[in-house]
Amino acid sequence: MTAPALDFDACYAASSGRDARFDGQFVLAVRSTGIYCRPSCPARTPKRENCTFYATSAAAHLAGYRACKRCLPEAVPGSPAWDLREDVAARAMRLIASGVVDREGVAGLAHRLGYSTRQLTRTLTEQLGAGPLALARAQRAQTARQLLVGTAMPVGDVAFASGFASIRQFNDTMAEVFGLTPTALRSTARRADAPAATAPGQISLRLWTREPFDGGAIHDWMAVRAIDGLEHAAGARYSRSLALSRGAATASLTHARDHIAMSARLEHLDDLPELLARARRLYDLDADPLAIDQALATDPALAPLVAAAPGQRVPGTADGFEMLVRAILGQQVTVASGVTAVQRLVDALGAP
């Protein structure tokens, strides 16, 4: 599947209308200011001749633009295309978001995708405007910004938890992408939202989503299927343990109207990008809810249900192999029978 080219007129119309539905799906770069923005940026719409549209923020970085300090284009949910498409670009973006390049390098990413490093770089550059190194760099900057303004982690810990190899690389990247030092970027966070200090290895932050968001429906789905010793659901909170690339982690997720509040403890902070990517997939946070509701509402039988409960998501998984096992063992007459089968296997093997 080839990535569709960006339609200038459609992108300009979305930006002119400040249509938030397109936030995360492309960015608007303005030649006269050297800044790129999300489509819904409240600033005055620039002239057409000054506009360039990029599929990724990494492509805008490579072209010499820095992120807008007003609309914070790095703070939006990711493009739903990366969840829907199955081509090499989408698969690469999912792996990059999970920190594969930080752990295994571009060669490791290419091997996972069945491409040579050269082939992969050429393909991503053609389709997304940036190669894997630039895309991974943009992902690290996005994670770092989220940690700087959403947590009280020491700046040095933020650097390495985001996947940077050194403090110098971290400082240089943040200054280039955001036009601010990490300390200055942190100071831009509203004091009312200032996070409380946490213990080493523990982190609390918010994962933003597009509205409407029916997180309760996903929570209820998972609560019925919860496996003792592995996960627990009570009230609006879902908690579980995870085996990540470098070590174990536990995460507690609470759904709200426009975000998931996550509190986690990690054995290795370097696993944080992977944990964030898994949590977003679990709640399908990068989906386009308006497009989903519009498609479902075309069915006369579903239309009343969509109107009564907008913002439906598809429950995801925090572990692909685990979901495979659950699917195989869940081929029972009832959900309860499937849960019992999985519970017996977990009890026999021991929870991770």
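Side chains are part of it too, since the values below use all heavy atoms of this structure and drop only hydrogens, waters and symmetry mates. Being a predicted model, the structure only gives us computed values, none of them experimental.
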(request) Please step through salt bridge (Lys or Arg N to Asp or Glu O under 4.0 Å) for the pair Arg140 and Asp102, ending with a clear verdict. (result) CA-CA 9 Å; Arg140 288 193 290 269; Asp102 300 330; 2.5 Å; yes
(request) Determine the sole option in Gln146, Arg38, Arg145 for which the side chain to side chain contact (heavy atoms under 4.5 Å, CB included) test with Glu74 is passed. (result) Arg145
(request) Please examine the side chains of Arg210 and Asp258, heavy atoms only from C-beta on, and report whether any two atoms are closer than 4.5 Å. (result) no
(request) Please determine if Arg48 forms a cation-pi arrangement with Tyr12, meaning its NZ or CZ atom is less than 6.0 Å from the six-membered ring centre and no more than 45° off the ring axis. (result) yes
(request) Determine, for Arg31 against Glu49, whether the closest basic-nitrogen to carboxylate-oxygen distance falls under 4.0 angstrom. (result) no
(request) Could you check Asp214 against Arg313 for salt bridge (Lys or Arg N to Asp or Glu O under 4.0 Å), going step by step and ending with a plain yes or no? (result) CA-CA 7 Å; Asp214 189 359; Arg313 299 298 208 278; over 6 Å; no
(message) According to a hydrophobic-cluster definition based on side-chain heavy atoms being under 4.5 Å apart (Ile, Leu, Val, Met, Phe, Trp, Tyr only), do Leu272 and Phe160 belong together?
(response) no
(message) Using only atom types and a distance under 3.5 Å, with no angle test, would you say the side chain of Arg326 pairs donor to acceptor with the backbone of Arg225?
(response) yes
(message) Could you tell me if the side chain of Met174 sits less than 4.5 Å from the side chain of Leu148, heavy atoms only?
(response) yes
(request) Could you tell me which residues satisfy ring pair (Phe, Tyr, Trp, His ring centres under 6.0 Å) with Phe164, sequence neighbours excluded, listed by chain and number? (result) Phe170
(request) Applying ring pair (Phe, Tyr, Trp, His ring centres under 6.0 Å), name anything that partners Phe213, two or more places apart in sequence or on another chain. (result) none
(message) I'd like to know if Ile96 and Leu113 are part of one continuous hydrophobic network [Ile/Leu/Val/Met/Phe/Trp/Tyr, side-chain heavy atoms within less than 4.5 Å].
(response) yes
(message) For Thr254 and Arg237: C-alpha separation, side-chain torsions, deciding distance, then whether side chain to side chain donor-acceptor pair (under 3.5 Å) applies.
(response) CA-CA 4 Å; Thr254 304; Arg237 177 171 295 182; 3.3 Å; yes
(message) Measuring centre to centre across the rings, with the benzene-like ring taken for any Trp, is His61 within less than 6.0 Å of Tyr36?
(response) yes
(request) Quick one: do Glu211 and Arg21 satisfy salt bridge (Lys or Arg N to Asp or Glu O under 4.0 Å)? Show the steps, please. (result) CA-CA 9 Å; Glu211 297 183 64; Arg21 292 177 299 171; over 6 Å; no
(message) I want to know whether Phe53 and Phe8 have ring centres closer than 6.0 Å.
(response) yes
(request) Answer yes or no: is there a donor N or O on one side and an acceptor on the other, between the side chain of Ser40 and the main chain of Ala20, under 3.5 Å? (result) no
(request) Indicate yes or no: does Glu274 engage Arg246 in a salt bridge with an N to O separation below 4.0 Å. (result) no
(message) Does any part of the side chain of Arg66, heavy atoms only, come nearer than 4.5 Å to the side chain of Leu180, both counted from C-beta?
(response) no
(message) Using 30° and 60° as the class boundaries, would you call the ring planes of Tyr283 and Tyr238 parallel, tilted or perpendicular?
(response) perpendicular
